[in-house]
Amino acid sequence: MYIGAPISLSGKFSKEGQMSLWGMQVAVKWVNQKHGGLKVGNTVYKLELKYYDDESKKETVQSLIERLVTVDKVNFILAPYSSGLTLAAAPIADKYGALFNSHGGASDYIFEQGYKYVVQTLSPASKYQVGFLDMIKALDPNAKRLALVYEDAEFSRTVHRAAKEYAEKLGFEIVYEKTYPKGVNDLSPILNELKAANPDVVVGGGHFADGQLLVSQMAELGINVKAASILVAPALPAFYDALGTKAEGICAPAQWEVGVSYSPEAAKKLGIDWYGPTQDEFIALFEEVAGKGTHPSYHAAEAAAVLAYAKAIETAQSTNPEKVRETMNKLDFMTFFGRWKIDPETGKQIGHEMIIMQWQGGKKVIVWPPEAANAKPYYPMPTWEEKAAGKLATH
């Protein structure tokens, strides 16, 4: 049985796309080898991932969705990475009645279009920076001056619109807000304005390349703040590889990180089913697929979307996409990625919670929420001068 996917193996989202592919391959491997395939009646189906490089382009994504459905006869599709590409693909999948599971498109807008066959595995964009703002409020009620600087793209606009509204409710003062275009290669004009606004906290970013550039140029311009949460980029190991100690203390919202305490025991406490590999099993299988010493980012763990399809198909005892979609409305279960439960009306994910990670001592740690944390936050984070001098300990 095919599960289809357009994946960004080249272009702007190639790093996130490669992680996604490895994660999907791990999930398929678990279903086939550890779970014994999908049992529907007297038939056992083995999963096969049918994927193509979408080159991080909308036009390519759209043609690939057509190809997967009409040529390859795939009924279960994993959406491409990013909200923009997912938005481009969703109406085509929905038109053909193919199930379309978003593992990398978080924008709430996707689920406000009335699609019947579109569902979501990751937390929606409106939830991304909420935990970070809660953390700052808890750590330092006096940190009120907030700057927002982010990519002018569907996903990041949704994240930061919601973050701004939530920040104002918490009593933050927005001292600076600016977007920058996709593909930007110099943020210094914006960052010089931001520096003059003298914020306590910066929230921003969009995807990997611009997030890395944002932090790098903040360091070059000596913009010291108490805390910064940047979308997407810090969650990838390549961020620290590129920036070294400049990455210390930088936070990011993440859908998942190694160390989050989702387990069969946690599922049992909630009275819901557990499905799929444990976190340790996922990491071991990931190294088999991606290579020893390669660590999964949350983009890989979002392959829980494959597990959602597998669980729904077995629960429905059907491979008919309409019946599987109806069954998904009633599912409430946990994987190593967290809880999976959708709003039946929209397909939007309502069970999964975000966590906040931070780079500390060259490692990613979980600092929020307290029940998921495995470290205390560096706060205020070290200055750029302290980082350059190797003074990285928490203040």
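The figures that follow rest on heavy atoms only: side chains count, while hydrogens, waters and symmetry mates do not. Values in this document were obtained by computation on a predicted structure and should not be read as measured data.
- Annotation: Tyr275 is in aromatic contact with Trp30 [ring centroid separation under 6.0 Å].
- When the side chains of ILVMFWY residues are joined at heavy-atom separations under 4.5 Å, either directly or via intervening members, Val130 and Leu170 end up in a single hydrophobic cluster.
- Between the side chains of Glu151 and His207, at least one donor N or O lies within less than 3.5 Å of an accepting N or O.
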Test log, rule side chain to side chain contact (heavy atoms under 4.5 Å, CB included), inputs Val149 and His160: CA-CA 9 Å; Val149 55; His160 292 98; over 6 Å; no

Evaluation steps, side chain to side chain contact (heavy atoms under 4.5 Å, CB included), between Phe208 and Glu16: CA-CA 8 Å; Phe208 182 80; Glu16 298 95 326; 3.4 Å; yes

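- Within the 3.5 Å criterion, the main-chain N or O of Ser63 finds no donor-acceptor partner in the side chain of Glu66.
- By the 4.5 Å heavy-atom criterion applied to side chains, Asn224 and Trp384 are counted as neighbours.
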Could you walk me through whether Gln120 and Ser102 pass the side-chain hydrogen bond (donor to acceptor under 3.5 Å, both in side chains) check? CA-CA 5 Å; Gln120 186 178 39; Ser102 176; 4.9 Å; no

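- Between Tyr117 and Phe100, the gap from one ring centroid to the other reaches at least 6.0 Å.
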Could you please spell out the steps behind the side-chain hydrogen bond (donor to acceptor under 3.5 Å, both in side chains) verdict for Tyr379 and Asp140? CA-CA 9 Å; Tyr379 186 86; Asp140 184 5; 2.7 Å; yes

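- Side-chain N or O atoms of Ser107 include none that pairs as donor or acceptor with a backbone N or O of Ala125 at under 3.5 Å.
- The minimum heavy-atom distance between Ile3 and Val74, with the atom names listed, is C-CG1, 4.2 Å.
- Here the side chain of Arg145 pairs a donor or acceptor atom with the backbone of Ala197 at under 3.5 angstrom.
- A salt bridge links Arg339 with Asp332: the closest approach of a Lys/Arg side-chain nitrogen to an acidic carboxylate oxygen falls below 4.0 angstrom.
- Remark: side-chain polar atoms of Gln25 are not paired, donor with acceptor, to backbone N or O of Val289 under 3.5 angstrom.
- Between Asp94 and Lys116, none of the side-chain N atoms (NZ, or NE/NH1/NH2) sits under 4.0 Å from a carboxylate O, so this pair counts as no salt bridge.
- For Trp359 and Tyr240, the distance between ring centers is under 6.0 angstrom.
- Residues Ile356 and Ile366 have side chains not in contact (no heavy-atom distance under 4.5 Å, counting atoms from C-beta outward).
- With Glu248 contributing its side chain and Gly361 its backbone, the two residues share a donor-acceptor pair below 3.5 Å.
- No donor-acceptor contact under 3.5 angstrom links the side chains of Asn320 and Ser318, judged on distance only.
- Asn32 places a side-chain N or O within 3.5 Å of a backbone atom of Leu47 that can act as its donor or acceptor partner.
- Between Pro199 and the options Val202, Val201, Val203, a side-chain contact (heavy atoms from CB on, under 4.5 Å) holds for only Val202.
- Without hydrogens or angle criteria, Tyr96 side chain to Asn75 main chain gives no donor-acceptor distance under 3.5 Å.
- Classified by interplanar angle (parallel below 30°, tilted 30° to 60°, perpendicular above 60°), the ring pair Phe337/His352 is parallel.
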Between Glu353 and Tyr262, is the side-chain hydrogen bond (donor to acceptor under 3.5 Å, both in side chains) condition met? List the steps. CA-CA 11 Å; Glu353 297 289 338; Tyr262 300 123; over 6 Å; no

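- For the side-chain hydrogen bond (donor to acceptor under 3.5 Å, both in side chains) with Trp340, the lone residue among Thr335, Asp273, Thr121 that qualifies is Thr121.
- Thr158 and Asp108 are not linked by any side-chain donor-acceptor pair at a separation below 3.5 angstrom, with hydrogens and angles left out of the test.
- We find the CG-NZ distance between Asp200 and Lys226 to be 5.0 Å, quoted to the nearest 0.5 Å.
- Here Leu133 contributes atom CG and Glu168 contributes atom CD; the two are 11.0 Å apart, rounded to the nearest 0.5 Å.
- When only modelled atom types and interatomic distance are considered, Thr60 and Glu55 share a side-chain donor-acceptor pair under 3.5 Å.
- The pair Glu193-Lys178 meets the salt-bridge criterion, since a charged nitrogen lies less than 4.0 angstrom from a carboxylate oxygen.
- Heavy atoms only, all atoms of each residue included: Pro234 and Ala252 are closest at CB-CB, 3.7 Å.
- Inter-residue side-chain proximity for Ile174 and Lys164 is flagged as met; some heavy-atom pair is nearer than 4.5 Å.
- Using modelled atom types, one finds a donor on one side chain and an acceptor on the other under 3.5 Å when comparing Glu177 with Tyr150.
- A donor-acceptor pair shorter than 3.5 Å can be found between the side chains of Tyr52 and Arg67.
- Side-chain contact of Glu314 with Tyr309: a donor-acceptor pair under 3.5 Å is absent, judged by distance alone.
- In this structure, Ile65 and Ile77 have side chains that are in contact, with non-hydrogen atoms separated by less than 4.5 Å.
- Judged by distance alone, the side chain of Lys195 and the main-chain N or O of Ile223 form no donor-acceptor pair under 3.5 Å.
- Here Cys251 contributes atom SG and Gln358 contributes atom CD; the two are 4.0 Å apart, rounded to the nearest 0.5 Å.
- Here the CG atom belonging to Leu214 is positioned 8.5 Å from the CG atom belonging to Leu194, to the nearest 0.5 angstrom.
- The side-chain heavy atoms of Gln349 and Val119, taken from C-beta on, include no pair separated by under 4.5 Å.
- Two residues are said to be in side-chain contact when any heavy atoms from C-beta on lie closer than 4.5 Å; Ser123 and Gln255 meet this criterion.
- Of the N and O atoms on the side chains of Tyr180 and Asp210, at least one donor lies less than 3.5 Å from an acceptor on the other residue.
- Rounding to the nearest 0.5 Å places CD of Glu59 at 9.5 Å from CG of Leu85.
- No salt bridge links Lys144 with Glu173; every basic N to acidic carboxylate O contact stays at or beyond 4.0 Å.
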Apply the test side chain to side chain contact (heavy atoms under 4.5 Å, CB included) to residues Leu236 and Met19: give CA-CA distance (whole Å), side-chain angles for both, the deciding distance (0.1 Å), then the verdict. CA-CA 9 Å; Leu236 288 157; Met19 276 286 176; 4.1 Å; yes

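- Under the 4.5 Å side-chain criterion, counting only non-hydrogen atoms from C-beta, Leu78 is in contact with Val306.
- Minimum heavy-atom separation, Tyr298 to Pro253: CE2-O, 3.9 Å.
- With Gln113 contributing its side chain and Tyr109 its backbone, the two residues share a donor-acceptor pair below 3.5 Å.
- The structure places CD1 of Ile250 at 10.0 Å from CE of Met357, a figure rounded to the nearest 0.5 Å.
- A salt bridge links Arg157 with Glu154; the closest basic N to acidic carboxylate O contact falls under 4.0 Å.
- Proximity of a side-chain donor or acceptor of Ser56 to a complementary backbone N or O of Phe13 within less than 3.5 Å is detected.
- Look at Lys364 and Glu257 and you find a salt bridge, because one of the NZ, NE, NH1 or NH2 atoms lies within 4.0 Å of a carboxylate O, short of that distance.
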Could you walk me through whether His299 and Ser20 pass the side-chain hydrogen bond (donor to acceptor under 3.5 Å, both in side chains) test, one step at a time? CA-CA 5 Å; His299 310 87; Ser20 299; over 6 Å; no

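- For the pair Lys341 and Leu331, the minimum side-chain heavy-atom distance is 4.5 Å or more.
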